[in-house]
S.K.: 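Following this message is one structure expressed as structure tokens.
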Amino acid sequence: MNSTHIPFLDLVTPHVEMEEELTKAFCDALHTAAFIGGKAVQDFESAFAEFCDVQYCVGVGSGTDALRFAFIAAGVCPGAIVLTVPNTFIATTEAISQVGAYPEFVDVDDRTYNMDSECLRQYLETECDRDQLTGRPISRRTGRIVAAIVPVHLYGQMADMDAILSLAAAWNLPVVEDACQAHGAEYFSHKGKSWTKAGSMGRAAAFSFYPGKNLGACGEAGAVTTNDPDVAQKVRMLRDHGQAEKYYHDMEGYNGRLDAIQAGILRLKLDRLPEWNQQRRDKAETYLELLSSVDGLVLPFEPSWSRAVYHLYVVRVQDREEMQNRLKGAGIGTGIHYPIPLHLQKAYRTLGYREGDFPVTERIAPEILSLPMYPQLMRTQQEAVARSVKECLAAVGSLAST
């Protein structure tokens, strides 16, 4: 029996290390009875806005809330189309549907797995007509007007935002960043001639603080970041039943507030996030050192304009199921992000997509495998992972040659 145990994700160690601090945050809420709103929420919003290099951060109940509220505040109306990618978690498209809009997809880049700006250009120029009144695209596929573009900064790496923003400007479209996996990721904007943070480049951006994220709460939490005061104010109202002030409702809204206990926890963890992100980058360098010469394995690609924060460390391998089973047998946890592209999910069968519509996404979906990645991962553990990966590929190669 193999005694090795390397979890896919370790959420125990960092919380034990911070137990005294986190307990104090909980006790502060108990002693003040400030459970909804108040200083803890305001302090976190201010600190996270500064971290993301934006003017405003509005804390909300989850990353899905953040996406939904950002879409509404950015002007997405029922019946419109919102463009995104099929290689993402369903929360991206759920939020689109929840505002009464419809997702349409463009394929991803075969190296970064993020939105391919060339596919976006082709979609806008060859699959749309331009609305004469608004200048926005109208999908020939559905006859619906396109209202926004949602690049997903997947696995902790930002999409190619200069190219996406340029196309968005040409078609009068707002960009809402799905930054739910990209806390602290950076992009070098050649247009702005500077490094820019995830969550600072679009009309608005959505973050999730689900416990497994780089910055995770001890429960559900999310935030919207923006430099637009009108977007920020609308999100504040949407999260709190449409209230401009207590019991004065300018619109119908939602119960989507960030509670004070989670805000206090996130504020404490935020101080450690830069160090944790650097540790993730260091672990990625170690994997590169250990695995770069391994045939049959495709490692993550980080372009020169990217500083990824490796929320996930995703490799590709032809016989993914065999690899995952062998790693499990060696006591090594893995994940798959994501096994079925959204356009082929049962939930979206009414959209009319079929196999072959997005070839890159469909090619990588059966191959992607997430290896253990977290700040507390030790080199000896990574060496054990690398050893098991090499042994598996050697065994599979040996079987194939017999």
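Model, not experiment: these values are computed from the prediction. Below, all heavy atoms of this structure are taken into account, side chains as well, without hydrogens, waters or symmetry copies.
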S.K.: I'd like to know if the side chain of Thr92 reaches the main chain of Thr88, judged simply by a donor and an acceptor atom lying under 3.5 Å from each other, with no hydrogens or angles considered.
M.R.: no
S.K.: Distance under 6.0 Å and angle within 45° of the ring axis: does Arg111 meet both against Phe301?
M.R.: yes
S.K.: Consider only side-chain N and O atoms of Asn87 and Thr361, and report whether a donor and an acceptor are under 3.5 Å apart.
M.R.: no
S.K.: What class does the angle between the rings of His183 and Phe207 fall in, given that below 30° is parallel, 30 to 60° is tilted and above 60° is perpendicular?
M.R.: tilted
S.K.: What verdict does the side-chain hydrogen bond (donor to acceptor under 3.5 Å, both in side chains) test give for Thr196 and Glu186, after you've listed the backbone C-alpha separation in whole Å, the side-chain angles of each residue and the deciding distance to 0.1 Å?
M.R.: CA-CA 5 Å; Thr196 54; Glu186 294 181 275; over 6 Å; no
S.K.: According to side-chain hydrogen bond (donor to acceptor under 3.5 Å, both in side chains), does anything in residues 31-42 pair up with another residue at least two apart or in another chain? List the pairs.
M.R.: Lys39-Asp43
S.K.: Decide side-chain hydrogen bond (donor to acceptor under 3.5 Å, both in side chains) for Gln122 and Glu127; before the verdict, give the C-alpha distance in whole Å, the side-chain angles of both, and the deciding distance to 0.1 Å.
M.R.: CA-CA 7 Å; Gln122 290 176 4; Glu127 299 181 41; over 6 Å; no
S.K.: Using a 6.0 Å cut-off, check whether atom CD of Glu383 has over 12 heavy atoms from anything other than its own residue.
M.R.: yes
S.K.: Quick one: side chains of residues 58-86, donor-acceptor pairs under 3.5 Å with protein atoms, not counting sequence neighbours, listed by atom name and distance.
M.R.:
residue: Ser62; atom: OG; partner: Thr64; partner atom: N; Å: 3.3
residue: Ser62; atom: OG; partner: Asp65; partner atom: N; Å: 3.0
residue: Asp65; atom: OD1; partner: Arg68; partner atom: NH1; Å: 2.7
residue: Arg68; atom: NE; partner: Gln98; partner atom: OE1; Å: 3.0
residue: Arg68; atom: NH2; partner: Gln98; partner atom: OE1; Å: 2.8
residue: Thr84; atom: OG1; partner: Val150; partner atom: O; Å: 2.9

S.K.: Counting only heavy atoms not in Arg349 (residues, nucleotides, ligands), do more than 12 fall under 6.0 Å from its CZ?
M.R.: no
S.K.: Taking the six-membered ring of Trp171, is the NZ or CZ of Arg136 close enough (under 6.0 Å from the centre) and on axis enough (within 45°)?
M.R.: no
S.K.: Ignoring hydrogens and geometry beyond distance, is a side-chain donor-acceptor pair present between Gln345 and Tyr338 at under 3.5 Å?
M.R.: no
S.K.: Report the residues that fulfil ring-ring contact (aromatic ring centres under 6.0 Å, His included) with His311, sequence neighbours left out, ordered by chain and then residue number.
M.R.: none
